[in-house]
Each structure stands twice: as structure tokens, then as C-alpha cells.
**Student:** 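Before I ask anything, here is the structure I am working with.
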Amino acid sequence: VQLQASGGGLAEVGGSLRLSCVVSGRTRSTYAMGWFRQAPGKEREFVAATSWSGGTRDYADSVKGRFTISTDDAKSTVYLQMNSLKPEDTAVYYCAADDRIARGRYRLSYHITEYDYWGQGTQVTVSS
């Protein structure tokens, strides 16, 4: 399984960006997908997660109401739409896949250790 993230860049406060993550390899329908971020000097933190079908989604409190995670099965892609960006959203963003069904887990995952595959990261910088 390979994940290729893209879409990062420079945005102004209050602006928007959309991150994409193309998933290739094994079947994806059993996966949960997540987005994490890591700011300089900080630990990697959970941002959002979704089942591949999109029926179950959850967000970190810091991004609720501003970010939306979604999937497009035909394009094998997971998106993170980021609106109303703030300077504190500046970080490297990573997409990740959790082969949860194979592990007998049916809930979404929120910790980095629960994810099996990772993309390379894409930089998001929000200027104030």
C-alpha cells in the first residue's frame, strides 16, 4: 500500500486549502483513513479520520467546523478540505491508512500507532 499526499502550500489567515491523498495497492474498502499533522518541535497529532465509505467521521476539537475529511472511491483518494485557516494550523500534514478490519477493530483510530501505512507529508503554512 502506498499513500501519496499533495496539496499543501501557503495560505493566508482565513483562507482555504485542500489536501489530497491517493491510495494505491490493496483494496481500500476495509480501511479507515486519517490525517495527522506535526508542527516544528511538537508531536504528531490527530486531525481527522473517516471510514472509507465516509459513513463514520471524526475530528480533533481544534479543527471541528473548519476541516472536512472525505473519500472518493473512484479516484482512490482521501481529501482534507481546510477552511478558515489559522496560523496554528501550520504544520506538515500526513495521511495514513488503518487496516482496521483485518485487526478486528471497527472503530476509528486516533493514535499514530494504530495506523499501518503513511504518506510522505505535505507542508501547510498559514501566514498571519
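FYI, the numbering just counts along the sequence from 1.
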**Student:** Quick one: OG on Ser109 to CZ on Arg100, what's the gap to the nearest 0.5 Å?
**Tutor:** 7.5 Å
**Student:** For residues 119-127, which side-chain donor-acceptor pairs fall under 3.5 Å, sequence neighbours excluded?
**Tutor:**
{"from": "Gln120", "atom 1": "OE1", "to": "Ala5", "atom 2": "N", "distance (Å)": "3.1"}
{"from": "Gln120", "atom 1": "NE2", "to": "Ala5", "atom 2": "O", "distance (Å)": "2.7"}
{"from": "Thr122", "atom 1": "OG1", "to": "Gly8", "atom 2": "N", "distance (Å)": "3.1"}
{"from": "Gln123", "atom 1": "NE2", "to": "Ala91", "atom 2": "O", "distance (Å)": "3.4"}
{"from": "Gln123", "atom 1": "NE2", "to": "Thr125", "atom 2": "OG1", "distance (Å)": "3.3"}
{"from": "Ser127", "atom 1": "OG", "to": "Ala11", "atom 2": "O", "distance (Å)": "3.4"}

**Student:** Check whether Leu108 and Trp35 end up in the same hydrophobic cluster, where Ile, Leu, Val, Met, Phe, Trp and Tyr are linked by side-chain heavy atoms less than 4.5 Å apart.
**Tutor:** no
**Student:** Check this for me: Glu88, atom CD, are more than 12 non-hydrogen atoms of other residues, nucleotides or ligands nearer than 6.0 Å?
**Tutor:** yes
**Student:** Output every pair passing salt bridge (charged side-chain N to carboxylate O under 4.0 Å, His left out) with a member in residues 112-126, not counting sequence neighbours, ordered by first then second residue.
**Tutor:** Arg103-Asp116, Arg107-Glu114
**Student:** When you measure from the side chain of Ser53 to the backbone N and O of Gly55, does any donor-acceptor pair fall under 3.5 Å?
**Tutor:** yes
**Student:** Should Val23 and Ile101 be counted in the same cluster of Ile, Leu, Val, Met, Phe, Trp and Tyr side chains packed under 4.5 Å apart?
**Tutor:** no
**Student:** Can Arg44 be said to sit on top of Tyr94's aromatic six-ring, NZ or CZ under 6.0 Å from centre and within 45° of the ring axis?
**Tutor:** yes
**Student:** Name the atoms and distances for all side-chain donor-acceptor pairs under 3.5 Å in residues 77-85, with sequence neighbours left out.
**Tutor:**
{"from": "Thr77", "atom 1": "OG1", "to": "Lys75", "atom 2": "O", "distance (Å)": "2.7"}
{"from": "Gln81", "atom 1": "NE2", "to": "Asn83", "atom 2": "OD1", "distance (Å)": "2.9"}
{"from": "Asn83", "atom 1": "OD1", "to": "Ser16", "atom 2": "OG", "distance (Å)": "2.9"}

**Student:** Who pairs with Thr113 by side-chain hydrogen bond (donor to acceptor under 3.5 Å, both in side chains), at least two apart in sequence or on another chain?
**Tutor:** His111
**Student:** Check the pair Arg66 / Asp89 against side chain to side chain contact (heavy atoms under 4.5 Å, CB included), numbers first and verdict last.
**Tutor:** CA-CA 11 Å; Arg66 301 189 298 122; Asp89 294 320; 2.8 Å; yes
**Student:** To the nearest 0.5 Å, tell me how far Glu12 CD sits from Leu17 CG.
**Tutor:** 11.0 Å
**Student:** Applying side-chain contact (heavy atoms from CB on, under 4.5 Å), name anything that partners Ala97, two or more places apart in sequence or on another chain.
**Tutor:** Leu3, Tyr31, Met33, Tyr117
**Student:** Does the side chain to side chain contact (heavy atoms under 4.5 Å, CB included) test come out yes or no for Val63 and Arg37, once each step is laid out?
**Tutor:** CA-CA 12 Å; Val63 306; Arg37 66 187 182 187; 4.0 Å; yes
**Student:** Any side-chain heavy atom of Asp99 within less than 4.5 Å of one from Arg105?
**Tutor:** no
**Student:** Could you measure the distance from the CG atom of Asp58 to the OG atom of Ser51? Nearest 0.5 Å is fine.
**Tutor:** 11.5 Å
**Student:** So with a 6.0 Å cut-off around NZ of Lys64, is the heavy-atom count from everything else above 12?
**Tutor:** yes
**Student:** Enumerate the ring pair (Phe, Tyr, Trp, His ring centres under 6.0 Å) contacts for residues 36-75, please, sequence neighbours excluded, ordered by first and then second residue.
**Tutor:** Phe36-Phe46, Phe36-Tyr115, Phe36-Trp118, Phe46-Tyr110
